[in-house]
Number of protein chains: 2
Amino acid sequence: MTDLNKLLTPLFLSEKEIRKIIELIFFSYREFTLGPDEILNKINYGRAHHRVIYFVGKQKNITIKDLLGILKITKQSLSRVLNQLVKEKYILVSIGEDKRTKKLCLTQKGLDLEAKLSKIQIDKIKSIINDAKESDINGFKKILYSMIDEKSKKIFNKLNE
Amino acid sequence: MTDLNKLLTPLFLSEKEIRKIIELIFFSYREFTLGPDEILNKINYGRAHHRVIYFVGKQKNITIKDLLGILKITKQSLSRVLNQLVKEKYILVSIGEDKRTKKLCLTQKGLDLEAKLSKIQIDKIKSIINDAKESDINGFKKILYSMIDEKSKKIFNKLNE
DNA sequence: TTATTTAGGTCAGTCATATTGACTTAATTA
DNA sequence: TAATTAAGTCAATATGACTGACCTAAATAA
């Protein structure tokens, strides 16, 4: 980058400032996932289990296919995690109207774990929101939304219709 | 939560809205790491290599100890990744003034890879910033900063003195 | 000067997440 | 009836991370 360009670049667009954002994303994501990870660890589960429980809780009677579409992992990867959750009765499986499909939903045990895990993250965000200006929260949400790809935007919008 | 509480809770503090934020964080982080991950995959490296290269690039002559403090992983975990990077000449190791310590720095090869990986993320953020209001960016940065723990805040501040 | 702490390294074993590839079954749809 | 779709399974592999035990060498404190 030439000196001229540097002069013409507003501070918030400089590479130095952008690298700060990269670091903040790294540190904040790690911190954000720490709480649930610790609880999951105690019951020999991992973050993948949280994701499955979260989205099954979010969209009751979701099919395997749709869940795979949200998580963007292979069915072999999902299989291991999901089978454990079904075996240990966090998730209940039933046959869909289209008999090729399966419908997943959380049992009471699953709902309890989901609530316990999500509570940590919800509380964290709540406390941040309490100390922040509403305009900052709105900026935060807008930027997050603009960071995601079109397909995920569609999935996100559908989940929150 | 009672109906009364619901009435008293501003929309942006409702659990429903907070869960949207949780989902946005999940989707955006995945999208954010996707580009570098693809490049790393081609040379049989992973995200851990990116982190090491990023922070060694950020703080020239960083010691193993300080790097471990930033990454918050065990030395056994770092060892595998770092040894690969040293063996394949992305990182150069030298002895510190305190002869127990080692100083790490990127070689030209390392600088090139760092630039290539970070460029994807920098460009992504740049394009978002270009389309967004400065106040939204500032809100985004403020909230990210408030999400991280005290220790990471200190590390972040030190990295950007 | 000796004892302790610190920085770094290493060996071994384990677990969780995720992948590719190949193949199967059953149900739906063209 | 043929093709597609949803789901499942077996096997092999890679990556990222952990615990625990143990070691060396240098710096520092008692």
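Predicted model only: the values in this text are computed from it and were never measured. Quick note on labels: first sequence line is chain A, next is B, and so on, each numbered from 1.
- Which of C:dA16, C:dG9, C:dA18 sits closest to the side chain of B:Ile64 comes down to C:dG9.
- Note on B:Arg47: only backbone sugar-phosphate atoms sit closer than 4.0 angstrom, heavy atoms only; bases stay farther off.
- Here C:dA18 presents its P atom at 16 Å from CD of B:Glu38, a figure rounded to the nearest Å.
- Side-chain N/O atoms of A:Thr74 include none lying less than 4.0 angstrom from OP1 or OP2 on C:dA18.
- Comparing atom distances between the A:Arg100 side chain and each of C:dA18, C:dA26, C:dG8 picks out C:dA26 as nearest.
- Each of A:Leu78 and A:Asn44 was matched to the nucleotide of DNA chain C holding its nearest heavy atom; the match closer to the 5' end belongs to A:Asn44.
- Scanning atom types as modelled, one donor and one acceptor separated by under 3.5 angstrom connect the side chain of A:Gln76 and the base of C:dG21.
- For the pair B:Thr107 and B:Ile91, the minimum side-chain heavy-atom distance is 4.5 Å or more.
- Taking atom CG of B:Asn41 as the reference point, atom P of C:dT19 lies 10 Å away to the nearest angstrom.
- Between the OH atom of A:Tyr45 and the P atom of C:dA18 there is a distance of 15 Å, given to the nearest Å.
- A:Arg51 places its CZ atom 9 Å from the P atom of C:dT17, with the value rounded to the nearest Å.
- Between B:Tyr145 and B:Phe140, a ring centre-to-centre spacing not shorter than 6.0 Å is recorded.
- Taking the centre of each ring, A:Phe26 and B:Phe156 stay at or above the 6.0 Å mark.
- Proximity of a side-chain donor or acceptor of A:Asn83 to a complementary backbone N or O of A:Ser79 within less than 3.5 Å is detected.
- Listed pair B:Lys65 / C:dA7 meets the phosphate criterion, a side-chain N or O lying under 4.0 Å from OP1 or OP2.
- B:Leu82 places its CG atom 14 Å from the C1' atom of C:dA7, with the value rounded to the nearest Å.
- Under the 6.0 Å cut-off for aromatic ring centres, A:Tyr90 and A:Tyr45 qualify, their centroids lying closer than that.
- Remark: side-chain polar atoms of A:Ser77 are not paired, donor with acceptor, to backbone N or O of A:Ile73 under 3.5 angstrom.
- Between A:Ile95 and A:Lys103, the closest side-chain pair of non-hydrogen atoms is not below 4.5 Å.
- Following rounding to the nearest Å, A:Glu97 (CD) and C:dA27 (P) show an atom-to-atom distance of 15 Å.
- No hydrogens or angles were tested; on distance alone, nothing pairs the side chain of B:Lys102 with the base of C:dG8 as donor and acceptor under 3.5 Å.
- We find that CZ of B:Arg30 is positioned 10 Å from P of C:dA18, with the value rounded to whole Å.
- Remark: P of C:dA7 and NZ of B:Lys99 are 17 Å apart, rounded to the nearest angstrom.
- If you walk DNA chain D from 5' to 3' and mark each nucleotide with an atom closer than 4.0 Å to a heavy atom of chain A, the marks span D:dT5 to D:dC10.
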